[in-house]
Amino acid sequence: GAVVSQHPSWVICKSGTSVKIECRSLDFQATTMFWYRQFPKQSLMLMATSNEGSKATYEQGVEKDKFLINHASLTLSTLTVTSAHPEDSSFYICSARADSGQVAYNSPLHFGNGTRLTVT
Amino acid sequence: QQQVKQSPQSLIVQKGGISIINCAYENTAFDYFPWYQQFPGKGPALLIAIRPDVSEKKEGRFTISFNKSAKQFSLHIMDSQPGDSATYFCAASKVYGQNFVFGPGTRLSVLP
């Protein structure tokens with residue numbers, strides 16, 4: 001089955017530093033990947049849509065300069081939390097959808113295992 | 001119109017019982033309805049999904065019931081087991097759509 005690998009699974013950093021999170025589709029190509037943020041006991045909040053070879057699309061209220069997204073290949077998207085602060089501490093999850101030759105049909109969204117970010 | 005409502009927020013079921021989680025949507029353009037299961041500290045995993053051309057889909061102990069006219073769908077977990085204890089999210093997406101709209105989640109606890 002389709003596997004999405006997210007790395008690291010957890011990271012602790014000091015306030016003011018930047019953290020990069022990687023999301024890889026291991027056995028399929030994904031033109032589009034999604035980045036979510038999840039607070040404890042809450043649902044997934046879409047932060048941005050990552051598009052291979054073009055700029056990411058950010059949801060309202062998400063700072064583009066704070067959360068830098070790069071989707072340089074069909075299997076890799078990265079999220080960089082710049083100048084992290086304690087309020088950025090959260091569970092970040094990426095997902096990807098397998099590209100198919102036929103655009104018409106929905107295909108499952110596969111999630112990575114998430115990254116627990118703690119900013120001290 | 002983009003929202004997906006989900007209930008209950010939490011659910012406690014005895015081992016062997018039936019767990020039922022309900023979702024409702026408003027946007028009739030949605031045509032793909034998956035359920036995801038999430039364990040603590042892990043990403044959501046696809047459990048089962050349905051399209052509106054069928055009213056029910058069953059996979060093992062998991063069944064989705066779909067009511068297109070009412071714009072509602074539900075997840076039934078038969079013979080619930082303690083290992084089923086997790087948070088369940090319903091979701092919806094559109095034809096040709098890219099993103100999913102997720103419900104707020106249901107925390108299921110199955111007592112041994």
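This structure is a prediction, so every number in the text was calculated from the model and none was measured. Residue numbering restarts at 1 for every chain, and letters A, B, ... go by the order of the sequence lines.
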**Item:** Stepwise side chain to side chain contact (heavy atoms under 4.5 Å, CB included) check, Ser43(A) with Gln38(B)
**Value:** CA-CA 10 Å; Ser43(A) 189; Gln38(B) 185 180 29; over 6 Å; no
**Check against ring-ring contact (aromatic ring centres under 6.0 Å, His included), Phe34(A) and Phe100(B)** = CA-CA 10 Å; Phe34(A) 305 93; Phe100(B) 285 36; 7.8 Å; no
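Linking Ile, Leu, Val, Met, Phe, Trp and Tyr residues whenever their side-chain heavy atoms come within less than 4.5 Å leaves Leu76(A) and Ile69(A) in two separate clusters. A single hydrophobic cluster is not seen to contain both Tyr92(A) and Leu68(A); linkage of ILVMFWY side chains at heavy-atom distances under 4.5 Å, directly or through other members, places them apart. Residues Val119(A) and Phe91(A) do not share a hydrophobic cluster, clusters being chains of Ile/Leu/Val/Met/Phe/Trp/Tyr side chains in contact below 4.5 Å. Both Leu11(B) and Trp35(B) are members of a single hydrophobic cluster when ILVMFWY side chains are connected at heavy-atom separations under 4.5 Å.
Cluster partners of Ile20(B), by chain and number: Ile18(B), Met78(B). The rule joins Ile, Leu, Val, Met, Phe, Trp and Tyr whenever side-chain heavy atoms lie under 4.5 Å apart.
To the nearest 0.5 Å, atoms OH (Tyr36(A)) and CZ (Phe102(B)) are separated by 4.5 Å. Here the straight-line distance linking atom CZ of Arg97(A) with atom OG of Ser93(B) works out to 4.5 Å at 0.5 Å rounding. Here the CG atom belonging to Leu109(A) is positioned 8.5 Å from the OH atom belonging to Tyr32(B), to the nearest 0.5 angstrom.
Scanning all heavy atoms of the two residues, the minimum distance from Phe89(B) to Gln42(A) falls at CZ-O, 3.9 Å.
Within a 6.0 Å radius of CG in Asp53(B), other residues, nucleotides and ligands contribute more than 12 heavy atoms. Within 6.0 Å of CD on Glu87(A) lie more than 12 heavy atoms contributed by other residues, nucleotides or ligands. For NE2 of His85(A), the number of neighbouring non-hydrogen atoms (other residues, nucleotides, ligands) closer than 6.0 Å is greater than 12. Residue Lys41(A) qualifies as open at atom NZ: its count of foreign heavy atoms under 6.0 Å is 12 or below.
If you measure heavy-atom distances from Gln6(A) to chain B, you find no contacts under 4.5 Å at all. Contact annotation for Phe39(B): neither backbone nor side-chain heavy atoms come within less than 4.5 Å of a heavy atom of chain A. Proximity to chain A (any heavy atom under 4.5 Å) is shown, for Pro34(B), by neither the backbone nor the side chain.
By a heavy-atom distance cut of under 4.5 Å, not one residue of residues 54-67 of chain B is near chain A.
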Return a table of donor-acceptor pairs under 3.5 angstrom between the side chains of residues 104-112 of chain B and protein atoms on other chains or two or more places apart.
from: Thr106(B); atom 1: OG1; to: Gln6(B); atom 2: NE2; distance (Å): 3.0
from: Thr106(B); atom 1: OG1; to: Pro8(B); atom 2: O; distance (Å): 2.5

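For Lys42(B), there are no salt bridge (Lys or Arg N to Asp or Glu O under 4.0 Å) partners at least two apart in sequence or on another chain.
Counting heavy-atom pairs under 4.5 Å between each of Ala49(B), Gly43(B), Ala91(B) and chain A puts Gly43(B) at the top.
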